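Worksheet for the structure shown next.
Just so it is clear, the values below take in all heavy atoms, side chains as well, and ignore hydrogens, waters and symmetry mates. Being a predicted model, the structure only gives us computed values, none of them experimental. Ligands are counted one by one from 1 in listed order, and the atoms in each one are counted from 1 as well.
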Amino acid sequence: MVHASNLGFPRIGFQRELKKGLEKYWADELSQQELCEIAHTLRVKNWQLQNGLGIEVLPSNDFSLYDQVLDTICMLGAIPARYHPISDNFNLDVYFAMARGEQKNDLNIPAMEMTKWFNTNYHHIVPEIEPSTTFSFTYQKILDEYLEASSAGFQTRPVLIGPLTFLSLSKSTTHGFSPLQKLDELIPVYQQVLSDLLNAGCEWVQMDEPVLVKDLSDSIKSAYQNAYRRLTELPNRPQIMLAAYFDSLGENFDLAFSLPVEGIHLDLVSGADQWEIINSKFTAGKTLSLGIVDGHNIWRTDLDRVVSDLQRTTASVHGDILLAPSCSLLHIPLDARKEEKIGQPVKSWLAFAVQKLEEISALTNALNGGEKSNLFVENQKVLKDRFVFLSSHRTDDAAAQIDFLSTGRKSPFSVRKVKQQAHLDLPLFPATTIGSFPQTTHIRQMRSRFSKGEISQEEYAEFLRLKIKETIQMQEQIGLDVLVHGEFERNDMVQYFAEQLAGFVFTEHGWVQSFGSRYVRPPILFGDIKRPQPMTVAWSSYAQSLTRKPVKGMLTGPVTILQWSFVRDDQPRSQTCFQIAAAINAEVLDLEKAGIRTIQIDEPALREGLPLKKKNWGAYLDWAVKAFHWACAGVADETQIHTHMCYSEFNEIIASIAALDADVISIEAARSAMELLDAFSDFKYPNDIGPGIYDIHSPRIPSTEEMVILLEKAARVIAPEQLWVNPDCGLKTRNEKEILPALQNMVLAARILRNKINKGNEHNEQN
Ligand code: GLN
Ligand code: ZN
């Protein structure tokens, strides 16, 4: 028998009930009980809905008020000591303080750090595990939600993050200590959770171990053996479905199947190589959960293809089979049918969470010998139409045209640098910003009034020109050397471009949780990309017309546009990326023609695009770098190309960053106090570089002295002629009161360093 199952359902609600509830609760407009009531209603509705769609194995504990990793930290009682003053016992005040920080009465406790969940755009809270951390079954949500489902009439399979994934995601500030050393102390809590669930009537749990798809050291591999042996030694416990997703198990396939668990979930979408393995290998009598519907993207599944793949497998596998999405549906929107504004044919190609479950249910019926539902007929037709449409709407001319130019810049950096210096006449330690200036409520209001038609295009444009003018004047007064226009016209650095390129559609209700109560609606890249007309030239030219100093043209790079969108799955991502690169290149050349002398192509998502397995890094970095070269193809030596990335963990990819061959790169460094310098002492970065010296994530205004210290630290590993002076990232989240003094201090820091160098030179001459 084949059974329909799910690994996790979006928790935000069809009307974003969770966000609204949380934000009211945080604003003291809702009581805790009212918030819990909203959450309860959402969960019960989700079970009813999934059950109604024919899903037999329903997840519970996939819901979270904020984040599933935070839930796990609290479940295990691993509450960092700085939150202890909030309450003697764990409660929701502690929970939300961990998520968001606490500034009340005389407490001022920072929030826990966040980072991206594997290769998704979902951010989770990073557990903090120290040698002194103790564990106990504390936040009993998993049990409560299991019982809640039972009393609503549903037998569920609770989801929990497995011990090794949990510890692998954790960080510690203790030198020489790894959170993995705590494994032995953690296992008894997991055992407690399992036995309490069993006592409540639970038959199966889903233990998420996505770390299993990554490269594992020998010590983690043996930790897996040890942990799962101990967990399963428990005489009375629910059966365990070990879930690995986002890639193939790869080299860890045998390890996973050697663990004494009763079931294994495989992602056959991202890890299609596993079809062959399960067909040929003895799968140890385990229940297999086959992730055959893409839980991480929004296209319809090729049902007929999956049926034929599955028929081979069901013939060779003995034991139960569950059909499932490849991963939790948390990462896609809820219901494609609600998207009235997306026209045909694209709308018919889409499958969001509800449609994915319909597919799983239809596939299950078909495999159990039931009649193939209408969905199969419709599906075949839609897929054929999609293929025909996409093949007859090719715009490869852009990509072909660029091909012969695609060797990057015309001359090496050393030659370009001299020509650019003659052209731009910049001082030593040039001071600049990353692009955006504060996006005030007023700016947002004007944008929303414009989109509602309350003000005319001309009124809106006039307003933006005014903002640009103010910002240019402000930068001149502050004494910055390379100016920006401020990005006031942009709602978002990807959406702004996507909206102007052909090949994208946008959802009205397609919200996906990014973190906590923050949801995003990623653009959908469905077809070939074309740039019908210039996208930024008018704003940049206007800004440049107001000053003699160079104003940077400001573009989002191809990899970032790709990473932060839902992308077509009918061709390699590299090919799609090259098409975006060709469109960006057209924009670069138009900016250059319009007299813009410096152009920044932001690639903040370059690093997060790295595949989960190291063996695939090379191929990815190769096309990512190539895409950047395409974006810069044909640019004159005199034009200075900048790029920007917002992180400091450069060590592993520094060679590829250098291979981008941008004339100037600005990166985040202030927040981590120039930690990135480790990478630069081993690797001699060839071009110009601006390590951020102003942490824009905090409202704090850094002093000139501390910025001088950071710069001097940088100057120890990077030659002064290569160094730029800039903040960590764009200023859009800050307010004007903060940035003015901070930028003044920053420019002063640059001047102090210039003077020191000049004095040093005089001194040398005298000797
Ligand atoms: N130019 C963008 C800005 O300043 C860069 C944003 C980013 O790196 N995420 O806002
Ligand atoms: Zn940034």
Q420 versus D663, side-chain donor and acceptor atoms under 3.5 Å: yes

Any N/O pair I434/ligand 1 closer than 3.5 Å: yes

Over-ring placement of K614 relative to W617, 6.0 Å and 45° cut-offs: yes

K732, portion touching ligand 1 at heavy-atom distance under 4.0 Å: side chain

Numbered atoms and elements of ligand 1 in range of C646, under 4.0 angstrom, heavy atoms: 7 (C), 8 (O), 9 (N)

Any side-chain heavy-atom pair of Q640 and V664 under 4.5 Å: yes

Element-labelled atoms of ligand 1 that are located less than 4.0 Å from some non-hydrogen atom of G435: 4 (O)

Pairing of R548 and D425 as salt bridge, 4.0 angstrom limit: no

Salt bridge present between D637 and R416 (N-O < 4.0 angstrom): no

Atoms in ligand 1 flagged as close to M554, the criterion being non-hydrogen separation under 4.0 Å: 1 (N)

Residue pair T547 / E476, side-chain donor-acceptor N/O under 3.5 Å: yes

Atom nearest to the Zn ion (ligand 2) - H644, N, O or S atoms considered: NE2

Protein heavy-atom partner closest to atom 5 (C) of ligand 1 - residue, atom, separation in Å: D602 OD2, 3.3 Å

Ligand 1 atoms in contact with P604 (distance to a heavy atom under 4.0 Å): 8 (O), 9 (N)

Closest protein heavy atom to atom 9 (N) of ligand 1, given as residue, atom name and distance to 0.1 Å: M493 SD, 3.5 Å

Taking atom 10 (O) of ligand 1 as the reference point, the nearest protein heavy atom with its distance: S436 OG, 2.7 Å

H644 N/O under 3.5 Å from ligand 1 N/O: yes

Pairing of D481 and R754 as salt bridge, 4.0 angstrom limit: yes

More than 12 heavy atoms from other groups under 6.0 Å of NZ on K469: no

Proximal atoms of ligand 1 relative to C729 (non-hydrogen, under 4.0 Å): 7 (C), 8 (O)

Under 4.0 Å to a heavy atom of G730 - the qualifying atoms of ligand 1, by number: 3 (C), 4 (O), 10 (O)

Distance-only side-chain donor-acceptor flag, Y694 / E706, under 3.5 Å: no

